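These numbers come from the heavy atoms of this one structure, side chains and all, not from hydrogens, waters or symmetry mates. So that the names make sense, note that chain A is the first sequence line, chain B the second, and so on, each numbered from 1. Remember, predicted model here, so these are calculated numbers, not experimental data.
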Amino acid sequence: MINKIKASTSEKILFVFLILLIIFSFSFVFIIKNKCLFIENIDPKKINFKNPSNIVVMNIECGNVIIELMPEMSPNSVKRFKYFIKKGSYNGSTFYRVVKDTLVQAGDLEFGNIENINYYKVGSGRSMLGNLNSELNDNYQFIEGTVALARGDEFNTEDSEFFIILKNIPLYTGEYTPVGKVIYGLDALKKIKAGNKSEYVLRPDYINYFKLLR
Amino acid sequence: MRLLVVLLLVLQVNSLQADEIFNLIKIPNLEVYKIDNNQGLKYLNSKQNFIIGVKNNIKCEKANKTNLANTFSIIERNLEKYDAKFLKKINLRFIVLCENLYISEINTAGIPDYKKRTLILDINFEKKYFERVIHHEIFHLVYDSFKEFFNDKTWSDFNKKSFKYAECSTCSDRLNLDLYDNTDGFVTEYSKSIPSEDMAEVFSFLIFDRINLENKSKNDPILLNKINYIKSGLDKINKL
């Protein structure tokens, strides 16, 4: 006859601890590590836009980012930006440069695509369409969500690269060409992977697709 | 693997510089002090020491908040002498305020950078000269922006034939900034260094102490020619 062995108190504590450890590990892998968990993915089809021809949709890991372009502000720059979007040039473009809680930058068509990213040259690529003249406006406020064309140290060197600011940066007024404003999806942008200590990111997040609404 | 290590080292070097101000003017450790929309000037102050320059030859220290508060009104008052249009023409956008500014181990009141549209000012510079020297540094931006209106040779020809400038602004010991009692073609000892410094000195007195300068020029034909040359250049800029 086998006597039933009762678990001691310490064995019970150990058992509970193991159960908690399993629950924690499970939560960590499937819930906490999912950085997009609490991000609402906006479906642009469910929204009525005043001027749909100026709306573009960028899809990234945490969902859609909906941007309203400002052709009246920067006509040539918006025209170029739209051209690349329509052509699908930005699909796969990496956010190779991320300043945490400040800005994300993508759009290097030559060296910044996820398929063939070149870490040494990313940020220096050109589109073959040549430089654009800066379209600056001393009255436009660079508020959170502003989308602007990146440039070199000098003006009139804009091409395909763009950045989106994640906080108000009044200093940028009159310094960069604004092309649009994020109207939905800022939270998704804030989840883009940043570098550990650098503004340049190894194995960066990227744009799944970028398209015109119409 | 080796490539990855090199890359990581490169990225590590950049790590301190990742902010929105560095993106613009390539000076680290700055924060916004004031943005003046009327003049289009953006004042920044150093929140930590910084070292910049091709050979790391420019150094400046963190701006003490009290010093900054005391000196800022002086700087602002002097820069308000220029309108936004003029400042745009001479490519001045950012004023960086820090303490104990050194270039190649020499203490200096300011360092203008036409390409970066920046003027770095040492808020600790000797009070006696500080206000006037702001205008001196402004002239360097004027000079760099409009070299066609401020010609070294034409300027040098105003001087007596026996006079020769130094090879460079810091190549001589002619560094004193006090206004001469007897000008004899030069407003200060530093004027005798190189033509552009001479022009900057005349310009600074023209802006800061105009009446005194013009009085001195009544008995100094060389100085009078120099003043007229600066005024003529400024007129041409204003007409653009």
Side-chain angles (χ1 to χ4, degrees), chain A residues 95-105 111 117-124 134 136-144 146 148-157 161-177 193-204, chain B residues 1-45 47 52-54 83-85 87-89 91-97 113-118 144-145:
Chain A
F95 291 98
Y96 73 89
R97 184 165 169 265
V98 178
V99 182
K100 197 165 171 45
D101 300 324
T102 302
L103 64 84
V104 294
Q105 184 168 329
F111 302 119
I117 186 166
N118 182 329
Y119 286 109
Y120 286 104
K121 293 183 176 175
V122 68
S124 65
S134 304
L136 307 174
N137 188 319
D138 283 339
N139 297 318
Y140 181 78
Q141 296 302 312
F142 271 67
I143 54 169
E144 184 185 58
T146 296
L149 293 191
R151 60 168 170 80
D153 284 347
E154 293 179 13
F155 290 121
N156 308 324
T157 54
E161 286 196 51
F162 64 94
F163 64 90
I164 304 172
I165 58 173
L166 308 177
K167 66 176 189 182
N168 298 347
I169 309 183
L171 200 65
Y172 281 7
T173 293
E175 303 297 332
Y176 292 102
T177 301
K193 182 184 173 187
N196 186 16
K197 287 184 176 175
S198 165
E199 61 188 297
Y200 292 93
V201 187
L202 285 171
R203 294 184 295 278
Chain B
M1 186 61 193
R2 274 170 62 191
L3 288 179
L4 187 65
V5 170
V6 171
L7 182 66
L8 286 172
L9 284 173
V10 170
L11 297 179
Q12 191 72 25
V13 169
N14 285 331
S15 63
L16 287 175
Q17 305 172 339
D19 69 38
E20 64 271 22
I21 300 176
F22 182 81
N23 289 339
L24 271 178
I25 59 172
K26 305 294 179 266
I27 301 177
N29 304 335
L30 300 180
E31 61 189 0
V32 175
Y33 188 74
K34 183 180 175 181
I35 294 178
D36 184 336
N37 290 322
N38 293 328
Q39 277 199 299
L41 288 178
K42 296 168 181 183
Y43 294 92
L44 311 164
N45 67 279
K47 53 185 178 184
I52 52 168
V54 183
D83 62 32
K85 214 170 155 186
L87 293 173
K88 199 165 187 178
K89 282 178 187 172
N91 229 13
L92 180 58
R93 188 75 155 181
F94 303 101
I95 310 291
V96 175
L97 309 170
D113 186 335
Y114 161 76
K115 284 193 172 171
K116 297 272 190 301
R117 299 173 296 140
T118 300
D144 288 340
S145 308

Chain B interface, residue from A:Glu154, A:Arg151, A:Arg97 that has the most non-hydrogen pairs under 4.5 Å: A:Arg97
Quick one: what part of A:Ile169 sits under 4.5 Å from any heavy atom of chain B, side chain, backbone, both or neither? side chain
Residues A:Glu175 and B:Arg93 bridged, charged N to O under 4.0 Å: yes
Given 3.5 Å as the limit, does a donor-acceptor pair link the side chain of A:Tyr172 with the main chain of B:Glu20, or not? yes
Tightest non-hydrogen contact, residues A:Leu171 and B:Ile35, listed as N-CD1, 3.8 Å
How about NZ on A:Lys121, more than 12 heavy atoms from neighbouring residues, nucleotides or ligands closer than 6.0 Å, or not? no
Let me know if A:Phe155 has heavy atoms under 4.5 Å from chain B in its side chain, its backbone, both or neither. side chain
With rounding to the nearest 0.5 angstrom, report the OH to CG distance, A:Tyr176 to B:Leu24. 4.0 Å
A:Asp138 with B:Lys88: basic N within carboxylate O range, under 4.0 Å: yes
Chain B contact via A:Lys100 - which portion, at a heavy-atom distance below 4.5 Å: neither
Quick one: CD1 on B:Ile25 to CG on A:Asp153, what's the gap to the nearest 0.5 Å? 11.5 Å
